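To start, the structure under review is shown below, and the notes come after it.
Note that the coordinates shown come from a computational prediction; the quantities given were computed from them, not determined experimentally. For the numbers below, each heavy atom of this structure counts, side chains included, while hydrogens, waters and symmetry mates do not. Within every chain, numbering begins at 1; the chains are lettered A, B, ... in the order of the sequence lines, protein sequences first and strands thereafter.
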Amino acid sequence: MRMEGTFEVGAPRERVWRCITDPTLMVACIPGCEEIAPVDARRYRARVLVEVGPVKARFNLVVEVVEELPFERVASVTRGEEGTRASILSAENMVILAEIGPALTEVRYSSDVSVTGRLAKYGLGMMKKRVDRLGVEFAERFRERIAAGATSA
Amino acid sequence: MSALAHLHRPATIEEAVRLLAAGDGERVRLLAGGATLVAMMNAELVDPAELVSLAAIAELRGIRALADGGLRIGAMTRHRETAAEARLAGAAAVLREAAARIANPVVRNMGTIGGSIAFADPAADYPPALVAADAAVEIAGRRGRRQVPAREFFVDWFATALAPGEMVTAVLLAPPAPGRGSYDKLCRVSGDFAIASVALSVAWRDGACERVGLAVGGCGPRPLHLDEADALLRSGRLGEAAARRAGELLAAAADPLEDVRASAAYRRRVIPRMVERAVAQARAQLEANR
Amino acid sequence: MTTPDAAPVVGQSVPRLEVREKLTGRAQYVADLYRPRMLHGAILGSPHAHARIKSYDVSAARAAPGVHCVLTGEDFGDHRMGAFIKDEHAIAKGKVRYVGEPVAVVAAETEAQARAAARLVEVEYEELPAILTPAAALAPGAAVIHEELASYFKVFDAVCGGNVCSRTELAEGDVERGFRESDLFVEGRYRTQPQAHVSLEPCGALAEVDAAGRVTLWSANQSVFRVQANVCESLGLPMSRLRCLTPRVGAGFGNKMEAHVQPIVVKLALATGRPVRLVLTREEDFEIVRARHPFEVRVRTGVKRDGTFVAREVEVLLDGGAYADDSPGVLGYSLLMARGPYRIPHTRCRGTLVYTNKLRFGAFRGFGNPQVTFATETQIDEIAAQLGIDPVEIRRRNALGADDRWFGGQALASNGLPECIDVAERESGWNARAAARAAPGRRRGLGFACTAHIGGLLGTGAIVRMLEDGTVVLNTGAVDIGQGSDTVLTQIVAEALKLPLDQVSVASPDTDGSPYNWGTTASRVTYTTGRAVLAAAREVERQVKAHAAEMLECAEADLELLPGGAVGLKGVPGKTLPFVAISARAHWRKGGPIVGTNTWVFDRPTVDPKRAVATGLPFPQIGVYSFGAVAAEVEVDEVTGQVAVLRAWTVADVGRAINRASVEGQLEGAFAQGLGFALFEALVFDGPRLANPTLMDYKVPTSLEVPYELHAHIVEHPEPDGPFGAKGVGEIGINAVAAAIANAVAAATGARLRELPLTGERVLGALAAAAANTG
Amino acid sequence: MSTRRPLALRVNRAEHELFAAPGDTLLTALRDALGFTGAKRGCNQGACGACTVLVDDEPVRACLTLAHECAGREIVTIEGAAGAAQALQAAFEEAGAVQCGFCTPGMILTAAAMLERTPRPSADEVRAGLSGNLCRCSGYRKIVDAVLRAAETGAP
C-alpha cells in the first residue's frame, strides 16, 4: 500500500529540514503519534495509535534513518508491531525537500506501507484511505506548526 | 484470547446507557444482533472487556406508528422485519428495499437496524436509504434522548454523530407519502457489500414531485448526498437532463474507495449511470400514475 | 431371472453410501475428531515475502499459559518435500518466501492459548527483495528465491535455473510451415487471475503418537499416500512410522492433494507426545495453502479461409509462487491442452514456470486447462467472426474424430466430442438464438466452447475381500472427498459380482491396510481405481468359481454368477451355491480365503516420439480423454457492465456414467466454480500480501449467481478398457465455462475481453470501447 | 481474562448444562462443550452458512451468536432435525443434493425455516432463501430441486 503526497510550506528549506528531523515536533504532527524517543543517532522509537473505524491499534515502531542528505532528503524504514503482536507494520519512507522560493519549500513524501496480521484482514480500501488521510493530516499540522514558528531549532 | 469478562443484559435503555458510560467506547461495547460485532471479535479486530446486550430491552423492538402517522423503527428491529414492513410504502419503500438487499436471509434474521447504522459501514445498505428517506435517528445518552437527521448522523468512515456513551434507540420516519422509493445495489454477488448503491425516495402528489431524496452508498466516507441534486430533480420533475446533471454532481462529489470490490474510477463511472436509471424508473412510475 | 436385489446398479443414480451420516450431522470431518488429552496447534506466519531468518527467540512463547511446545525451523531437519521438485521444508527454514509462510508453530492446551503464544515468538529477519511478478523473477539480476534449486531432487527432467522452476515445450508438425500455409492468423494475449479453492471445510489435521513412537494422522486430504510421502519426506521420518487415515473430507478441488498442515501437526505430536489438532482458520486457508495459477497466455492460430485450423503457437507464463508444488505438472498439462480437442497439424507450445514470493500455486480442478481453454476457445470465436463462420460450425469442422490422435500422439480409444457439440447446440437452441430478447438496458448473448480432459495418471490398486458370510469389503485407498467415489466403486463391485449394494462395504483409506493409490486427482478415481476394482472383483469371481467347481464337481467354465450373491451351474436350475456357502468353506480350504487384488499404473504414453517433440514434460503417461462442450446464455447490464448467467448447458462424454446423479453433480458443481472464475473470483494482492483472504472479501457464487436453468447432459462413448466403459468426469466440467461465458458476453455486446474475471468494470470498459469503434 | 460461567442451554429439546466464557459463540459451545458437531465452522465470519442452526425456529449463524445470549431459547441443530428438516433430509438424499456434506446441515436447517414461512416456494424463492449458505460442490441445482421436492411432499 503506497501513500504519497506533496505540500508546500511557507518557510525556508533549512528550517523545514530542522523541523522534520525534530522528534518533538514530529510527535505533534504525526496523527496518532503518542511518543517519539531517540534510540541512537539513526534510530527513533515511536508509539502510534492507528484508528480505522471501530478498530484501534497501538503500534510500537522503530524508525531508522537509512539515508540522509541534509536539507534535501531523508529516507527511513519503519518496523513495528501492535502491543499484542496481532499486526505487524513495516514501511519504507522518503521525504524530499525542494526549495521553491526563499521562504517556500515543497515537501514530497512517499511511504510504502505493509501491514500483516489482524489489521490486514480489515479491508484494503479502508486502510488505504486511512493512510492517505494520515498524510493529509500530517501536512496540515506540519504547516500549522511552522506557521506558528514552533521549532526547537 | 478474548478479554471479554462480562455480558450484561439490561432491561431498559437507561440501564444500557449507564453500563455503556462506564467504558471508554472501546472497553465496553453494545451488542445488538451480533452480525458485525461478533464477526469482528472472531477476527480479533475488536476485543471488548464488556458487552451490553440489547436483546432484553423491549422498547428497542419492533416498528410502530407515531401519533403524527410517522414510523418508529426500534433499534433492535431485524432487517427481515424491516424488509417485510408493509407500512414502508411509497417514498419510504426505499428503506424496505434496502433492508431486503442486506447480506442474506439468515443474516437479515440476525442483524438489526440500530447495530447496522451505529457501525456505519459506508458500503452498507441502510445509510444511503436513511439519507434518501430523510429519516432521523433517535439517540439515548446519559443526558436523555435526542434526534439527529440521518444526513448528519453519518459523519465519516465508520463514524457517526454518536457521542461516547450514546446509543441508537430508533430510526424515525415522517408519515409515509405517496411516491416511489427504490434501492439499487451494484455488487459482485448477491449479499455482498455495495460497490455502489443508489437510494432514491420521491414523494409526489397530483403528478408533481413534492420531495426528492437521492443518496449514493459505497462511494465515500458517508452516504453521498447533495441538496442541490435533490432540488434539481424536484424542479426538473425527474427529467432526463436533471437526472444527468444530478448524477454528474454526485460523481464529482464522490470520494470512493479503491478496494478488492472495484476501483475508485469504476465507482465514479457508475454513479451517474445508476442515478439516471433510478430516476428514469421513478419518472416512468410517476408518469404512469398521472 | 432378475430379482429386485440384483437390478443392474451401474448407470443408476444410487444415493451416496454415506448420505445419511452427512444429512444427520454425524459425518465426522477432521475438526469433529477429539482425542483424549488433545492439544491444539497454531502457526506464526511470516510478515515478509522474502527474508533471511537471522534468529528466533521463543522464550516468551514457551512461558505462555498452556503451552507445551514451540518449534521453529531450527527444530526441523534439512528435509524437503515436493511432488515434482523437492524444494519445500515443513516450515520455513533459513528463509521465508511468502507472506504468511509458517515460521514457528505452537502446541497448547487450547486453540486460543496456542494462537496467543505463537505471536510471542520473536523472529529476526533480514529482508530480501521481494519478487512479486513473473517479469520481476525473470529480470536480469533478480534476487534468487531458491539459491539451491540446482541441488534439489526432481522427479522429472526439469529445465530450471535462476528463478525458472521449469520450462516445457511440446511440438508437433512444422509450425512455421503451418503459418505460411494459413490464409489468416489471429493472435491474442490472455490473462487469468489466481482463484482460491474455497473447499467449505478448511484444511486441518490431527496426529497422535502411540507408545512405540508410531504416528497416526487423520487429515483433510485427497490422498493418504501423498500425505504419508509428504510428511515423511519433510520430517525425515521412515514411512513405516506413519499411518495416514482420512475422516470425511469437505471437498478438495486440488488444495488437499499435497501437504498443508500435516507435517507440522505430526512434528508437534512427536514433540509433545500428546495428540495435536490444528484446523486452519478460513483466512489461513486462503493465505498458506495454495491457489489456481495466474496465467499469461499468448496464442496465435493460423487458419484456412474455409475455417480449417492449420497452425498454432502458444506461449504460457506461469507464476508458480514460492514453491514448485504441482506447478510443473500444471505447466506441462496446460501445454498438452493448448491445442484443444481439434486437429491442428502444426502446433508448438512453450511454457515457463517461475518462482515468485507469493503463496504457492498448485493443483486446482482443471489443472491449467481452464486458463489455456479461456485463451484458445475465445480465440476460436474471434477466428469464426473474422471468417464469418458460425462458432459451433467451425468447432465441428475441426473437432477431433474417432481416428484422430491427441496433441503429442496418443491415440483416442473413445471420443464423444462431436456428439457433445451436437447436444449442446441442440439443447441450448443455438440455431434459434435471438439477439433481442433482453429488456431495455440489457443485452443477451449465447456463447459456446469445447474442451477435453484426461482421467488417469499413476498407480492404483484394489482389494476385494469376501467375508465368511459372502458379503464383500472393498479396499482401494481412494479418498472420497465428496464427489462420490466410494459409491461409484461400490457400484462397480456390486455389478461385477451381481451383489446387492448393501452387501458391499468400503474400507476407509488407510496407509497401513489399503493398496497404494496416487490419490483423488486428475479425474482419475472412476477410471483408474474403477479398473482395478473391476479386475479385483473379476479375480474374486474366478476364486469363487474355483471353489464352487470343487463343491459342485464341475468345470469352472460351466459356472455363472447369479444375481443376489450365488453361483450356479449354467443351464441347470437348482444347482446353485450361495456365496455364504462358498466363502465359509474357502476360509478352511486350500486356495482360500477369497481375496481379489489388482494393481496397475496407467501406461499409455503421452508422447509418441515419432509424431511429437517434448522437453520438460513431467508425465510420460497421463490418461484417457473425456470430452465436453458448454453453452451459456448471459445478460449484460449496460448501466454497470455486470454479467449474469441466465441459462447454461454443460455436456460431457464420460464414457459411461456409473452414477448419473453423481456425474451431473460433478458437471453442475464444476460449472458453478467456472462461473465464479469467469465473473468475479480473484485473489487480490496488495504488494506481497493477500488483500482478500476472507469470505467477506473473496466471493464465490451463491445460489443466486448460478442459474437454476443449469442443464447437465451426459454423453456416453465407452472407453474400451474403462470400468464398464467409464472415464473421468471430475474436472472436465470447469474448463470451458469461462470461455463460453466470455464468448456469450462478446456475442451480447461486441466486446471481446481477454482478461479474467469479466467484472462489470471490465465489461463496461469494453462496451464503451466497442461503441467507440463502431460509432 | 475471561472466565467460564455455568450456562443452561436447551438444545434439540433437551436441557444441557455447560460452562462457557462470555465471549464463546454458540458454535463453540455446541461443538466443543456439547459435542453437536453437525454445525460446522467454515469461516467464523457468518459468510458461509455452514454453522447455521435454528434458535426459536429461526435460522441464525451459530458463529455470530454468543452462547450466553441463547439461555432460555430453543436451539435446534441438525442432530435434532424434525418436521420439515426431516422431509428435507429425505429429499436431499433422493435428489442427489449431497456431495462433500460440509454445507448440508446448515443448508437443511436454513431450508427448513424457509419452508415454515413459505411452504410452497418457487425455484427462485428457494435460490434467494438459500443465498446465504455457500456450497462449493453442487452448483446448487440439485439442492434447489431437493427443497422443491420436500415442499411438494411436505405439503398437507
Side-chain angles (χ1 to χ4, degrees), chain B residues 1-4 35-36 39-45 47 100-101 103-107 121 123-124 184-198 218 243-244 247 256-281 284, chain C residues 42 64-66 108-117 119 193 281-283 439-442 637-644 672 675-676 679-686 690-706 757-765 767-768:
Chain B
M1 216 169 306
S2 168
L4 188 65
T36 302
M40 292 187 79
M41 287 167 62
N42 289 348
E44 303 182 321
L45 287 169
D47 191 16
R101 296 294 300 274
N104 58 66
V106 180
V107 169
D121 186 329
D184 183 19
K185 174 159 75 161
L186 170 63
C187 48
R188 295 171 298 174
V189 302
S190 121
D192 192 9
F193 281 94
I195 291 170
S197 64
V198 170
R244 194 170 313 119
L257 289 182
E258 179 97 25
D259 66 8
V260 297
R261 297 189 192 106
S263 73
Y266 177 58
R267 288 182 159 102
R268 274 208 191 84
R269 188 147 181 226
V270 294
I271 291 169
R273 303 171 71 93
M274 290 176 70
V275 165
E276 283 176 50
R277 171 154 72 188
V279 173
Q281 287 166 347
Chain C
E109 291 287 342
T110 71
E111 223 175 302
Q113 287 173 334
R115 287 188 189 285
R119 286 184 185 156
Q193 78 284 20
T281 64
R282 178 56 58 188
E283 292 77 13
R442 294 176 196 267
D637 181 342
E638 290 178 337
V639 169
T640 62
Q642 280 232 313
V643 179
L675 182 152
L679 296 183
F680 45 79
E681 286 186 43
L683 288 172
V684 177
F685 286 87
D686 168 35
L690 194 54
N692 57 344
T694 70
L695 286 177
M696 302 301 286
D697 286 337
Y698 184 96
K699 286 295 173 187
V700 301
T702 77
S703 47
L704 285 169
E705 278 68 55
V706 184
L758 308 173
T759 58
E761 182 158 10
R762 292 205 174 111
V763 174
L764 192 61
L767 265 169

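C/Thr640 OG1 to B/Asp184 CG: the interatomic distance, rounded to the nearest 0.5 Å, is 8.0 Å. One finds the CG atom of B/Asp259 at 7.5 Å from the CG atom of C/Asp697 (value rounded to the nearest 0.5 Å).
Between chain B and the options C/Thr702, C/Thr281, C/Asp637, heavy-atom pairs under 4.5 Å are most frequent for C/Asp637.
For a residue to count as touching a neighbouring chain, one of its non-hydrogen atoms must lie under 4.5 Å from one of that chain's; by this rule C/Glu638 touches chain B with the backbone only. Heavy atoms closer than 4.5 Å to chain C are found in the side chain of B/Arg261, but not in its backbone. There is no contact between B/Arg267 and chain C, counting heavy-atom distances below 4.5 Å.
Side-chain atoms of C/Gln642 do not come within 3.5 Å of backbone N or O of B/Leu186 as any donor-acceptor pair.
Residues satisfying the side-chain contact (heavy atoms from CB on, under 4.5 Å) criterion with B/Arg273, sequence neighbours excluded, are C/Val639, C/Leu764.
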Worked check of salt bridge (Lys or Arg N to Asp or Glu O under 4.0 Å) between C/Glu681 and B/Arg188: CA-CA 9 Å; C/Glu681 286 186 43; B/Arg188 295 171 298 174; over 6 Å; no

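Side-chain N/O atoms of C/Glu761 and B/Ser263 include a donor and acceptor closer than 3.5 Å.
With B/Val260 as the fixed residue, the side-chain contact (heavy atoms from CB on, under 4.5 Å) test singles out one of C/Val684, C/Leu683, C/Asp686, C/Leu690: C/Val684.
Closest approach of B/Arg269 and C/Ala768 over heavy atoms only: NH2-CB, 3.4 Å.
C/Thr759 has its side chain out of reach of B/Tyr266: every pair of non-hydrogen atoms, C-beta onward, lies at least 4.5 Å apart.
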